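Data first, discussion second: the structure below is written as structure tokens.
Convention: sequence-line order gives letters A, B, ...; per-chain numbering from 1. The shown structure was predicted, so the numbers you read here are calculated from the model rather than taken from an experiment.
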2 protein chains.
Amino acid sequence: MLTIGQLASYAGVTVRAVRHYHQIGLLPEPERDSSGYRRYGAKAVVSLIKIRTLADAGVPLSQIGQMLDADPSTFAETIQRIDNRLHDEIERLKTSRKQIAQLAARDSLALPSEVVRYLDRLREIGVAERVVEGERDGWILVAARWPDHIHEMIPAKLAQLDDPQLVRLYRVLSEISESDVGDDSRLEEVADIMAAGMAEQAANSGETDPADVTPDDLPFDLLDALAVESDPRAQRLLDMMRERGWGSWTRSRPERLADPPDQGLSSRS
Amino acid sequence: MLTIGQLASYAGVTVRAVRHYHQIGLLPEPERDSSGYRRYGAKAVVSLIKIRTLADAGVPLSQIGQMLDADPSTFAETIQRIDNRLHDEIERLKTSRKQIAQLAARDSLALPSEVVRYLDRLREIGVAERVVEGERDGWILVAARWPDHIHEMIPAKLAQLDDPQLVRLYRVLSEISESDVGDDSRLEEVADIMAAGMAEQAANSGETDPADVTPDDLPFDLLDALAVESDPRAQRLLDMMRERGWGSWTRSRPERLADPPDQGLSSRS
DNA sequence: TGGGGGGTTGACGCAGCGTCAGGGTCAAGT
DNA sequence: ACTTGACCCTGACGCTGCGTCAACCCCCCA
């Protein structure tokens, strides 16, 4: 008769595993000897090897019991199900590997490659890192809400960078971000350029029915709030934009009069 | 400000997941409002999306925290490690799938295909199912101990089946297994054929030094014990073999005299 | 004023064991 | 007779990433 250690080593498993199989009723508890040790016969060895074979093949322990005394057709069905499960799992992991490959570049956290290229363009232009990071986080929010629209939006943003006014805008923003005083005159300039840009965009996009535009305010509110959280001076900028008739710099349509006065995220109760 | 539900749905995760990230310190607990509700700002949304992105890519939660504020080279290293892990995991599952494909045929539980063919041959010869199952379990024990020697042993076994004496042996065994009386005269015949077979084998294998043979008695003991456990009448057969000078029918070498009288597994304390 | 759909903490459950903790047992050496 | 070291025993927590109650609080609407 074998002890549990001998049994386990013959089958190539750990003692703990054997006891676990006892606990879940997969392997029947054997007789004990006078000192309470479990004593195993040859059939237990065979059973244990069968169990390990199935377990190594990816069969969940909870199903092994039924498989060991199932008729061949049931057995085959179960095998098929397990195999499908394994296949799906493999696909899941492969997808993960693809995604992880995308993450090699730091910026691409949660961002499609087009956006990463856009951010690199900003850096080339000389935009301060803090501002680029703010932009990146903003795009993360946008990508989460409208993942399919990103590739329509990015070309427009890239084109805007050919406009000297917008380059000027980013330069001024960078300077502001690197100083820590509240310099209202620069903010006024920023607001002016932004307002002009918004007007131009609104004109270009033609006479779209306001009700036709997505009524989903949350992402815009988040973008505004993100800016304010990153740099409280952004709140002044928001106010300035509102003075100029825009809900914020993130909304490409005029503020509706019926809206409550403060659209900022900070006021959502 | 967002509630936990709004935050979760924006990022495409469950409320429970968000709370879990709080618990393990992955996402900082936000301020509470007057009634104890968590209130989230835009940065929390961005953080959560980043977390989900990494988690979806297969990064364990325990590492995501460090990754989010790691320098690019550390980040890349970690990514590499994760990718290796995923790769290994995929290989494991692929191996499982291969193994599970092998299991399609019922007998092949823990057995190489050569053995399955051997067992099929036995069935063709007309060996009773109970005897075949006994053989199968025996081979499971053998395969577990000497997996690499199986393909040397099976051809010899197949060749033996061309010997009319051995076919006779299996036939008698089958008859015995299907009756339930202790028929000593038939057992004697079985023992005689077995002893003759053992002698022939011993002669064929030449003058191998007894000390040269594997000293590993355990598998033989298990094989003997397996037979006895399957059918107590096998104990008589063991005794008969011992009378004829053989340790058992499983040992292809003569019993050493120095050995204790009862080699059976049942006597191991 | 009641009901439905939020939110809160706390705790168990899942798979398959690994890994202590805190004992007892066996075989062998001194 | 005593010690050592290698086993054995039970019981219980740990790991991963949440799902799923339970039991209670909060807000808004008809």
Side-chain angles (χ1 to χ4, degrees), chain A residues 1-27 29-40 44 48 51-67 81-82 85-86 88-89 92-93 96 218 268-269, chain B residues 1-27 29-40 44 48 51-67 81-82 85-86 88-89 92-93 96 218 268-269:
Chain A
M1 303 294 279
L2 305 177
T3 68
I4 195 172
Q6 296 171 308
L7 169 72
S9 83
Y10 196 103
V13 307
T14 65
V15 169
R16 183 62 179 88
V18 175
R19 285 203 269 249
H20 182 60
Y21 301 152
H22 287 323
Q23 266 195 348
I24 63 177
L26 191 48
L27 192 64
E29 283 272 2
E31 307 277 293
R32 307 297 182 107
D33 66 12
S34 58
S35 58
Y37 289 14
R38 293 179 181 84
R39 290 298 178 165
Y40 298 90
L48 182 54
I51 290 171
R52 271 324 302 175
T53 304
L54 286 170
D56 288 342
V59 180
L61 297 188
S62 57
Q63 305 205 20
I64 291 183
Q66 314 159 26
M67 293 196 70
R81 277 212 317 282
I82 310 282
R85 247 186 6 84
L86 288 175
D88 291 352
E89 184 72 3
R92 250 181 21 92
L93 293 180
S96 284
L218 182 53
R268 282 187 178 243
S269 66
Chain B
M1 303 294 283
L2 305 178
T3 67
I4 195 170
Q6 295 172 307
L7 169 72
S9 81
Y10 196 103
V13 307
T14 65
V15 170
R16 183 63 179 86
V18 175
R19 286 203 268 251
H20 183 61
Y21 300 154
H22 287 323
Q23 267 193 349
I24 63 176
L26 191 49
L27 192 64
E29 282 273 4
E31 306 277 296
R32 306 299 183 101
D33 68 11
S34 57
S35 58
Y37 288 15
R38 294 178 180 84
R39 290 299 178 163
Y40 298 89
L48 182 53
I51 290 169
R52 274 321 305 174
T53 305
L54 286 170
D56 288 342
V59 180
L61 296 188
S62 56
Q63 303 205 22
I64 291 182
Q66 315 157 25
M67 293 196 69
R81 277 211 316 279
I82 310 284
R85 243 185 11 82
L86 288 175
D88 291 351
E89 185 71 3
R92 249 180 23 92
L93 293 180
S96 285
L218 182 53
R268 285 192 173 236
S269 67

Any B:Arg32 side-chain nitrogen or oxygen under 4.0 Å from OP1 or OP2 of C:dT9:
yes
Does A:Ser35 have a side-chain nitrogen or oxygen under 4.0 Å from the phosphate oxygens OP1 or OP2 of C:dC26?
yes
[X] [atom1] to [N] [atom2]: how many Å, rounded?
X: B:Asp33; N: D:dC28; atom1: CG; atom2: P; result: 11 Å
X: A:Arg19; N: C:dA15; atom1: CZ; atom2: C1'; result: 19 Å
X: B:Ile51; N: D:dC18; atom1: CD1; atom2: P; result: 11 Å
X: B:Tyr40; N: C:dT8; atom1: OH; atom2: C1'; result: 11 Å
X: B:Met1; N: C:dG6; atom1: CE; atom2: C1'; result: 17 Å
X: B:Gln63; N: D:dC15; atom1: CD; atom2: P; result: 15 Å
X: A:Glu89; N: D:dT16; atom1: CD; atom2: C1'; result: 13 Å
X: B:Gln23; N: D:dT16; atom1: CD; atom2: C1'; result: 13 Å

If you define the side chain from C-beta out and look only at heavy atoms, does anything of [X] sit under 4.5 Å from [Y]?
X: A:Arg81; Y: A:Gln63; result: yes
X: B:Leu61; Y: B:His20; result: yes
X: A:Met1; Y: A:Pro30; result: no
X: A:Arg32; Y: A:Arg39; result: no

Look only at the side chain of A:Ser96 and the backbone of B:Asp56, and say whether a donor-acceptor pair between them is shorter than 3.5 Å.
yes
Does the A:Arg85 side chain pair with the main chain of A:Gly58, one donor and one acceptor, at a distance under 3.5 Å?
yes
Check nucleotides 19-22 of chain C for protein N or O atoms closer than 3.5 Å to its own N or O atoms and list the pairs.
unit_1: C:dT19; atom_1: O4; unit_2: A:Arg16; atom_2: NE; d: 2.9

Can you name the nearest heavy-atom pair linking A:Leu48 to A:Leu27, along with the distance?
N-CD1, 4.2 Å
Taking all non-hydrogen atoms of both residues, which atom of A:Val18 and which atom of A:Tyr40 are closest, and how far apart?
CG1-OH, 3.8 Å
Which part of the nucleic acid, if any, lies within contact of A:Arg38, taking any heavy atom under 4.0 Å across all strands shown: a base, the sugar-phosphate backbone alone, or nothing?
sugar-phosphate
Looking for any heavy atom pair under 4.0 Å, which part of the strands does B:Arg85 touch: base, sugar-phosphate only, or nothing?
nothing
Options C:dC17, C:dG16, D:dC18, nucleotide nearest the side-chain atoms of B:His20
D:dC18
From the candidates C:dG18, D:dC18, D:dC8, the one with an atom nearest any side-chain atom of A:Thr14 is C:dG18
Please evaluate residues B:Tyr21 and B:Arg16 with respect to the criterion side-chain hydrogen bond (donor to acceptor under 3.5 Å, both in side chains), reporting the C-alpha separation (whole Å), side-chain torsions for both, the decisive distance (0.1 Å), and the verdict.
CA-CA 9 Å; B:Tyr21 300 154; B:Arg16 183 63 179 86; over 6 Å; no
If you restrict it to nitrogen or oxygen atoms, what contacts under 3.5 Å exist between nucleotides 1-7 of chain D and the protein, and what is each distance?
none

